[in-house]
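Structure, as C-alpha cells:
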Amino acid sequence: MSQALQLAEKGRYSTTPNPRVGCVITQHGKIIARGWHERTGQPHAEINALNSAEGDMRGATAYITLEPCSHHGRTPPCADALIQAGIGKVIIAMQDPNPLVSGRGCALLQRAGVSVQTGLLEAQANKLNLGFVTRMTHQRPWVRLKIAASLDGKTALTNGSSQWITGEAARQDGHRWRAASCAVLTGIGTLKHDDPQLTVRHIETTRQPKKVLVDKRLDIPLDAKLLQGEEVFIFTANSDNAEKILALNELGAQVIALPDAQGNVDLQRMLHKLADFEMNELLVEAGSGLNGALVHAGLVDELILYLAPHLLGDVAQGMLKLPELSDLDKKHSLELQDVRMIGQDIRVIARRLSENSGRSEGK
C-alpha cells in the first residue's frame, strides 16, 4: 500500500478534479503490476495496473489507495474491471468520500466473491486527497493561504514594495503549491498593485491552475494579466455594470455576483460555488484584507508561511487584517504540521484547529 501511495503521488499536479489514486497488484507475494491515475479522462489507477500486468491475474491481490469506482463517469467502472480480471482480494486504503457512491464499489466486489479489506494506511491516503475529501463531504475546496513575510511578520513596505522578500528556493516551492492547486485566488488590491499572472512558471506541469479574483466593485482593468491564459472566475458584489461584465465575458472571464448583507463578496458562498466547478484545492495569494477576511470567517484550512531572515519594522504591511481581540480565548489557534528550511527561508505549515476535525486534518 505504501508503494501504491507513492504511485498516487505522481498524479499530484495532473488529476484534478479527480482524486490521486495508486494501485499495486501482487501474486504469490510478488508485485506483478503497478498503475496510477495520471490525468482526468484517462484510465484510472486500477485500469493502468491491469493493463501493465503480464500473465494470469486470477486470485491476485490488488492494493488500491481509494475505493474502486462502481459507476460510469468519464471512464467505465473499475470494480467491474477488477472482477473480470479475476482479482481475488482487494485491499483499500480509504472508502470513496462521496456520500452518493461510498461503499458501492466495495459492495460490488463482495457480491462477485472478491474479498475486500479497507483502512490500511487510511490517514496517508486521506492526506493525499484532502481537497477531494473536503469537496465531497463539505461542498467546498480545501483552502490553503500562502504568505511570504519577513521574520517580524511583514509582507511589504508601506509603499507596497514586496519583491522579493523571500529567496528563489521559497518562490520555487510556492509554485509547487500552485501546480498542485485547482485554482489560485487573489484580491483586487493585489491585482491592481502587482498585476499578477498567477501561473506556474518555476516547475514543469501539464496544466495551469484556474484563476479566481475577489473584486467587490468590478474594478479589474481589461488589460490585466490575470485575464490571459486559463479560465478566470471573478466574484463580485456588483451586478449592475452590464457593459463591464459583457467585456469581461468576451475576454473569457466568468463573472459571478455573490453579494452579502454588507455589500461585500460572500466568501462562503464563493467556496461552495467553486466546489460546484469541481475545484478540490484552492491556493490563496492575496493581501492582508482578503487574507484576514477568510481567516476571520473560518474558511482557511491550512496556512503556508514563508519567513525570510529580514526585519521590515512595525509600520510595514502585515499578513492578516483581523479584528482586534479583547480576550485571548478568542485567538485563532493553529496546529503546526511541518517546519523546515527552504533555502535561507523558514517554511511553516499549520492547520486550523476546529471542532469539525474532518475539515482540519487528514488523521
Side-chain angles (χ1 to χ4, degrees), residues 1-26 29 31 33-40 44-49 52 61-69 78-79 82 87 89-99 101-103 105-106 109 115-138 141-144 173 176-177 179-182 280-283 301-304 334-340 342 347-354 356-363:
M1 187 63 78
S2 179
Q3 290 197 33
L5 286 165
Q6 291 176 32
L7 290 169
E9 179 74 29
K10 292 186 175 185
R12 173 168 291 275
Y13 301 150
S14 59
T15 65
T16 180
N18 287 354
R20 300 148 183 149
V21 183
C23 177
V24 171
I25 300 175
T26 66
I31 293 177
R34 299 176 176 87
W36 71 93
H37 183 41
E38 298 178 19
R39 195 174 183 87
T40 299
H44 289 182
E46 301 92 322
I47 305 304
N48 284 330
S52 74
T61 298
Y63 295 81
I64 312 170
T65 60
L66 183 70
E67 179 181 7
C69 61
C78 293
L82 292 167
I87 297 294
K89 185 175 184 178
V90 175
I91 300 175
I92 300 165
M94 63 177 289
Q95 286 192 331
D96 192 321
N98 187 340
V101 300
S102 181
C106 292
L109 291 167
S115 174
V116 176
Q117 175 185 333
T118 61
L120 181 62
L121 300 186
E122 182 177 6
Q124 292 90 322
N126 188 294
K127 183 178 180 180
L128 186 62
N129 285 302
L130 278 174
F132 181 74
V133 172
T134 303
R135 178 166 68 88
M136 289 294 106
T137 57
H138 297 285
W142 179 265
V143 179
R144 291 188 176 97
D173 191 67
R176 293 187 182 94
W177 291 106
S181 302
C182 302
N280 297 331
E281 299 175 27
L282 178 68
L283 184 67
D301 300 293
E302 190 169 52
L303 184 109
I304 303 171
L334 304 171
E335 182 179 32
L336 292 177
Q337 301 290 311
D338 184 79
V339 180
R340 68 179 65 191
I342 303 291
R347 189 190 71 188
V348 178
I349 299 178
R351 293 184 187 160
R352 71 185 184 93
L353 294 176
S354 170
N356 190 347
S357 60
R359 277 174 54 172
S360 59
E361 70 275 307
K363 294 184 178 178

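When reading the values below, keep in mind they use all heavy atoms of this one structure, side chains included, and skip hydrogens, waters and symmetry mates.
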*Would you say the side chain of C23 lies within less than 4.5 Å of the side chain of N48, judging by non-hydrogen atoms?*
no

*For the side chain of R20 and the backbone of R12, is there at least one donor-acceptor N/O pair under 3.5 Å apart?*
yes

*asked:* Run E302 and R144 through salt bridge (charged side-chain N to carboxylate O under 4.0 Å, His left out) and show every step you take.
replied: CA-CA 5 Å; E302 190 169 52; R144 291 188 176 97; 2.5 Å; yes

*Spell out, as yes or no, whether a donor-acceptor pair under 3.5 Å connects the side chain of T61 to the backbone of T26.*
no

*Does T40 reach the main-chain N or O of T16 with its side chain, forming a donor-acceptor pair under 3.5 Å?*
yes

_Least distance between heavy atoms, A125 atom then A93 atom_ = CB-CB, 3.6 Å

*Could you go through the side-chain contact (heavy atoms from CB on, under 4.5 Å) check for R347 and I304 one step at a time?*
CA-CA 7 Å; R347 189 190 71 188; I304 303 171; 4.2 Å; yes

_Test item: F132 and V21 side chains (from C-beta on) under 4.5 Å apart, heavy atoms_ = no

*Which one of T65, N129, D96 satisfies the side-chain contact (heavy atoms from CB on, under 4.5 Å) criterion with P19?*
N129

_Which heavy atom of L5 sits nearest to which heavy atom of L121, and what is that distance?_
CD1-CD1, 3.8 Å

_Testing the basics here: between V24 and R34, what is the closest heavy-atom pair and its distance to 0.1 Å?_
CG2-CG, 4.4 Å

*Look only at the side chain of E67 and the backbone of G103, and say whether a donor-acceptor pair between them is shorter than 3.5 Å.*
yes

*Approximate separation, where rounding is to 0.5 Å, of L282 CG and C182 SG*: 8.5 Å

*Looking only at non-hydrogen atoms, find the nearest pair between I31 and Q3 and report the distance.*
CD1-OE1, 3.5 Å

*Work out which heavy atom in L334 is nearest to a heavy atom in A350; give both atom names and the distance.*
CB-CB, 4.0 Å

_How long is the straight-line distance from CG of L303 back to CD of Q337, given to the nearest 0.5 Å?_
11.5 Å

*How close do C78 and P68 get, heavy atom to heavy atom, and via which atoms?*
CB-CB, 4.2 Å

*Could you state the interatomic distance from CD1 (I342) to CG (D173), rounded to the nearest 0.5 Å?*
4.5 Å

*Will you find, in the side chains of R135 and N280, an N or O donor that is under 3.5 Å from an N or O acceptor?*
yes

*To the nearest 0.5 angstrom, please state how far the CD atom of E38 sits from the CG atom of N18.*
13.0 Å

*Heavy-atom side-chain contact between I64 and E46 under 4.5 Å*: yes

*Roughly how far, to the nearest 0.5 Å, is the CD1 atom of I349 from the CG atom of D338?*
5.0 Å

*Give a yes or no answer on whether the side chain of S102 reaches the backbone of P99 with a donor-acceptor pair at less than 3.5 Å.*
no

*Calculate, to the nearest 0.5 Å, the distance between atoms CD and CH2 belonging to E281 and W177 respectively.*
8.5 Å

*asked:* Is the shortest side-chain heavy-atom distance between M94 and L66 below 4.5 Å?
replied: yes

_CA sep, side-chain torsions, deciding dist, call: E9, W36, side-chain contact (heavy atoms from CB on, under 4.5 Å)_ = CA-CA 9 Å; E9 179 74 29; W36 71 93; over 6 Å; no

